[in-house]
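Below is one structure; the comments refer to it alone.
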Protein chains: 2
Amino acid sequence: MALTKADRNILRLMQQDATITLSELAEQVGLSPSSAQRRLQKLREDKVILRDVSIVDPKKVGGAVSMLVEVELERDRPELLPPFQRWVAETPEVQEAWGTSGRGDYTLVILAQSVDHFDALADRMMELNPNIRKFTTSVVLKTLKRGLVVPVE
Amino acid sequence: MALTKADRNILRLMQQDATITLSELAEQVGLSPSSAQRRLQKLREDKVILRDVSIVDPKKVGGAVSMLVEVELERDRPELLPPFQRWVAETPEVQEAWGTSGRGDYTLVILAQSVDHFDALADRMMELNPNIRKFTTSVVLKTLKRGLVVPVE
DNA sequence: GATGAAAAGTAGTGACC
DNA sequence: GGTCACTACTTTTCATC
């Protein structure tokens with residue numbers, strides 16, 4: 001599963017634009033189309049490339065209010081952790097979620113259609129998860145950068 | 001630019017898997033392949049779909065330490081804001097960045113190869129941006145959810 | 001063990017209804 | 001929006017290094 005120089009270049013290019021054709025890809029990494037294809041296939045098999053997705057502009061599909069929410073959970077109720085994690089997984093408005101060291105135990109990126117929508121969502125979150133001690137909300141005023149691009153040296 | 005029901009379904013499907021063929025897509029949204037293609041093309045033209053990308057597993061390409069960093073900037077030096085934003089844009093380890101209301105002015109998602117790498121990165125950040133008053137770092141212990149999926153009702 | 005060239009198969013595109 | 005013909009891309013085969 002060692003990555004060759006070509007593999008790394010493929011990863012770099014595919015993270016920028018996955019609609020690139022194999023011929024273009026092949027040319028840019030200095031391989032034949034069929035070779036590039038085999039490499040790409042292997043990268044997918046090995047789950048180096050997890051999947052290919054379209055990136056949608058939230059502003060173009062209804063309202064778009066982003067919030068960063070730091071959630072602090074009761075540490076003495078570990079049995080309520082899985083339900084919380086399930087809620088995160090199942091709630092489409094929760095775009096991203098990390099468990100962290102430090103103050104807020106969890107940080108969530110929430111994308112709601114409006115402030116009202118967010119408010120309802122936060123209410124539901126509290127209702128469904130009695131182990132949430134408190135949470136702090138930061139309204140996103142400006143999105144500087146968005147992406148899941150992994151730097152490939 | 002009003003989205004039809006089919007458009008919304010296309011967006012939902014393409015956010016899950018952009019390698020789906022037009023025939024599959026067409027079948028799932030109840031259109032003919034060429035109709036689905038036209039819809040998709042228009043969604044791209046109108047920048048509803050911004051781009052298509054491969055999602056790469058950071059663990060499979062070298063180390064992977066994620067950090068959430070809250071940065072507080074000096075409010076009385078607005079001329080240093082553009083350089084900071086340029087640094088964010090140009091630094092590949094900064095995966096995401098938001099400007100927020102509330103305490104930390106900016107929140108960054110950083111992906112480094114190691115703690116040492118992160119440390120060097122943070123040093124460089126401070127050096128290049130004298131308007132950073134302070135910053136707090138949270139180590140990501142667990143990534144619960146990752147993605148840019150926009151819920152399409 | 002992986003590569004590249006070429007053939008065969010499949011998918012995407014555009015004109016027309 | 002659907003049908004069809006055309007083009008382009010992808011995938012497999014096969015010989016080669």
Side-chain angles (χ1 to χ4, degrees), chain A residues 1-62 147-153, chain B residues 1-64 147-153:
Chain A
M1 209 212 71
L3 299 176
T4 65
K5 203 154 237 170
D7 289 332
R8 294 180 178 277
N9 279 323
I10 289 172
L11 291 176
R12 214 168 306 150
L13 291 163
M14 290 293 287
Q15 286 189 100
Q16 284 169 33
D17 179 12
T19 66
I20 189 172
T21 63
L22 289 170
S23 322
E24 291 169 325
L25 191 63
E27 196 189 350
Q28 300 221 40
V29 304
L31 286 176
S32 68
S34 53
S35 225
Q37 202 265 57
R38 276 189 292 257
R39 279 289 156 85
L40 193 54
Q41 191 177 358
K42 188 143 182 27
L43 288 170
R44 289 198 221 271
E45 271 171 25
D46 295 346
K47 296 287 176 200
V48 180
I49 292 177
L50 296 168
R51 60 191 187 283
D52 291 74
V53 299
S54 291
I55 307 297
V56 170
D57 185 347
K59 297 189 298 292
K60 298 283 173 68
V61 266
L148 305 175
V149 180
V150 176
V152 182
E153 103 252 9
Chain B
M1 208 211 70
L3 298 177
T4 67
K5 202 155 237 168
D7 288 332
R8 294 180 178 277
N9 279 323
I10 289 173
L11 291 176
R12 215 168 303 140
L13 292 163
M14 290 292 288
Q15 286 189 99
Q16 284 169 34
D17 178 12
T19 66
I20 189 173
T21 64
L22 288 170
S23 322
E24 291 169 326
L25 190 64
E27 196 190 351
Q28 299 220 40
V29 303
L31 287 176
S32 67
S34 57
S35 221
Q37 202 265 61
R38 276 192 293 259
R39 278 289 146 105
L40 193 54
Q41 192 177 351
K42 187 143 182 24
L43 289 170
R44 290 198 220 271
E45 272 171 24
D46 295 345
K47 297 285 175 200
V48 180
I49 292 178
L50 297 169
R51 61 190 188 283
D52 291 73
V53 299
S54 291
I55 306 297
V56 170
D57 185 348
K59 296 190 298 292
K60 298 282 173 68
V61 265
L148 306 176
V149 179
V150 176
V152 183
E153 104 253 7

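Below, chains carry the letters A, B, ... as their sequence lines are ordered, and counting in each starts from 1.
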Roughly how many Å is it from CD in B:Glu24 to P in C:dT10, rounded to a whole number? 13 Å
Could you tell me whether A:Asp7 and A:Lys42 have a side-chain N and a carboxylate O separated by less than 4.0 Å? no
Quick check against the 3.5 Å criterion: does A:Gln15 have a side-chain atom that pairs as donor or acceptor with the backbone of A:Arg12? no
Atom pair distance, as rounded to whole Å: CG in B:Asp7 and C1' in D:dG1: 13 Å
Examine D:dG2: is either OP1 or OP2 under 4.0 Å from a nitrogen or oxygen in the side chain of B:Ser35? Give yes or no. yes
What closest approach, in Å, do B:Ile10 and B:Ala36 show between heavy atoms, and which atom pair accounts for it? CD1-O, 4.2 Å
Write down the atom of B:Arg51, the atom of A:Gln16, and the distance for their closest heavy-atom approach. CD-O, 4.1 Å
Taking atom P of D:dT10 as reference, at what distance in whole Å does atom CG of A:Leu25 sit? 9 Å
Would you say B:Arg39 places a side-chain N or O within less than 4.0 Å of OP1 or OP2 belonging to D:dG1? yes
In whole angstroms, how far is the C1' atom of C:dA11 from the CD atom of B:Gln41? 15 Å
Describe the nucleic acid contact of A:Ser34 in one word from base, sugar-phosphate, nothing, applying a heavy-atom distance below 4.0 Å. base
Nearest-neighbour nucleotide for the A:Arg38 side chain, D:dT13, C:dT13, D:dG2 considered: D:dT13
Any side-chain N or O of B:Ser23 less than 4.0 Å from the OP1 or OP2 oxygen of C:dA11? no
Interatomic distance where CD belongs to B:Glu27 and C1' belongs to D:dG1 [whole Å]: 17 Å
How long is the line joining CG of A:Asp52 and P of D:dT10, in whole Å? 12 Å
Between B:Lys47 and A:Val56 (side chain of the first, backbone of the second, donor and acceptor by atom type, cut-off under 3.5 Å), is there such a pair? no
Could you tell me whether the phosphate oxygens of D:dT10, OP1 or OP2, come under 4.0 Å of any side-chain nitrogen or oxygen in A:Gln37? no
When we call it a touch if two heavy atoms are under 4.0 Å apart, what does A:Thr21 touch: a base, just sugar-phosphate, or nothing? sugar-phosphate
On DNA chain D, compare the nucleotides closest to B:Gly30 and A:Ile20; which residue's is nearer the 5' end? B:Gly30
Over how many whole Å does the gap from A:Leu22 atom CG to C:dA11 atom P extend? 14 Å
Rounded to the Å, how far apart are A:Lys42 NZ and D:dT12 C1'? 18 Å
The side chain of B:Leu31 lies closest to which of these nucleotides: D:dG1, D:dT11, C:dG4? D:dG1
